[in-house]
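To start, the structure under review is shown below, and the notes come after it.
Quick note on labels: first sequence line is chain A, next is B, and so on, each numbered from 1.
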Amino acid sequence: TQMPLYTSPSLPNITLGLPAT
Amino acid sequence: DTLSIHQLAAQGDLNQLMKYLQQGDFLIDLQDEWGFTPLMWAAAFGEIAVVKYALEKGADPHILGKERESALALASVRGYTDIIVLLLDHGVDVNIYDWNGGTPLLYAARGNHVKCVETLLAKGADLTMEADSGYSPMDLAVALGFKRVQQAIENHVLKLLQSNRV
């Protein structure tokens, strides 16, 4: 059986959800 | 048989990867549509055996993706300290930044990866580099309540101050 394909890695938005400085 | 070399790297399938490379060692630096190499995929998914093998095969750890993503940053997002050490030992820039203004240290702090933060700092990561939004690694640790990351940064600053004393 074949393992499922992995989705492409990515870098997250570092400050997503944090208040503006 | 149909998996790409990038998928094989991500899945840690060393045997298939070796077979794939029989077509030519140059394939080790093959970039996908985002500019990612097999080494970058393996680093992102914590597949240290593949990372080691790729580096032995001469994979270039300095290659960046289309948005300046690096193998080092991808490993830092998930806190894969052993991979970070391997990449740094192969001469990659500890302060490499991407489209986001993100550095490996910022990603490690954001992910609350304490050991990873300590390792990057010990290897000379610049703790004053901020994300485009103006957050430094310390700002992130404070904003997110990551006390151990905060402490790791403070300990590092103390060490720097002590070593600069005449």
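Residues of residues 36-53 of chain B lying under 4.5 angstrom from chain A, judged on non-hydrogen atoms, are B:F36, B:W41, B:A44, B:F45 by number. Residues from residues 92-99 of chain B that place a non-hydrogen atom less than 4.5 Å from a non-hydrogen atom of chain A comprise B:D98, B:W99, given in numerical order. Heavy-atom neighbours of chain A within the stretch residues 66-85 of chain B, taken at a separation under 4.5 angstrom, comprise B:E69, B:A73, B:L74, B:V77. At a heavy-atom separation below 4.5 angstrom, chain A is approached by no residue within residues 57-65 of chain B.
Side-chain contact between B:D139 and A:T15: absent, with no pair of heavy atoms (C-beta onward) separated by less than 4.5 Å. Two residues are said to be in side-chain contact when any heavy atoms from C-beta on lie closer than 4.5 Å; A:L18 and B:L144 meet this criterion. By the 4.5 Å heavy-atom criterion applied to side chains, B:W34 and A:P9 are not counted as neighbours.
No donor-acceptor pair closer than 3.5 Å links the side chain of B:N100 to the backbone N or O of A:L11.
The hydrophobic clustering, which links ILVMFWY residues whose side-chain heavy atoms are closer than 4.5 Å, places B:F26 and B:L17 together. In terms of hydrophobic clustering, with Ile, Leu, Val, Met, Phe, Trp and Tyr side chains grouped at heavy-atom distances under 4.5 Å, B:M129 and B:V149 are assigned to different clusters. Under a hydrophobic-cluster definition in which Ile, Leu, Val, Met, Phe, Trp and Tyr are linked whenever side-chain heavy atoms come within less than 4.5 Å, directly or via other members, B:M138 and B:L161 are assigned to the same cluster. Under the 4.5 Å side-chain heavy-atom criterion for grouping Ile, Leu, Val, Met, Phe, Trp and Tyr, B:L30 is connected to B:M18 within one hydrophobic cluster. B:V157 and B:V142 fall within the same hydrophobic cluster, where Ile, Leu, Val, Met, Phe, Trp and Tyr residues are linked whenever their side-chain heavy atoms come under 4.5 Å apart, directly or through other members.
Rounding to the nearest 0.5 Å places CD of B:E33 at 7.5 Å from OG of A:S8. Between B:Y107 atom OH and A:I14 atom CD1 the span is 4.5 Å, to the nearest 0.5 Å.
Of all heavy-atom pairs spanning B:Q11 and A:Y6, the tightest one is CG-CE1, 3.6 Å.
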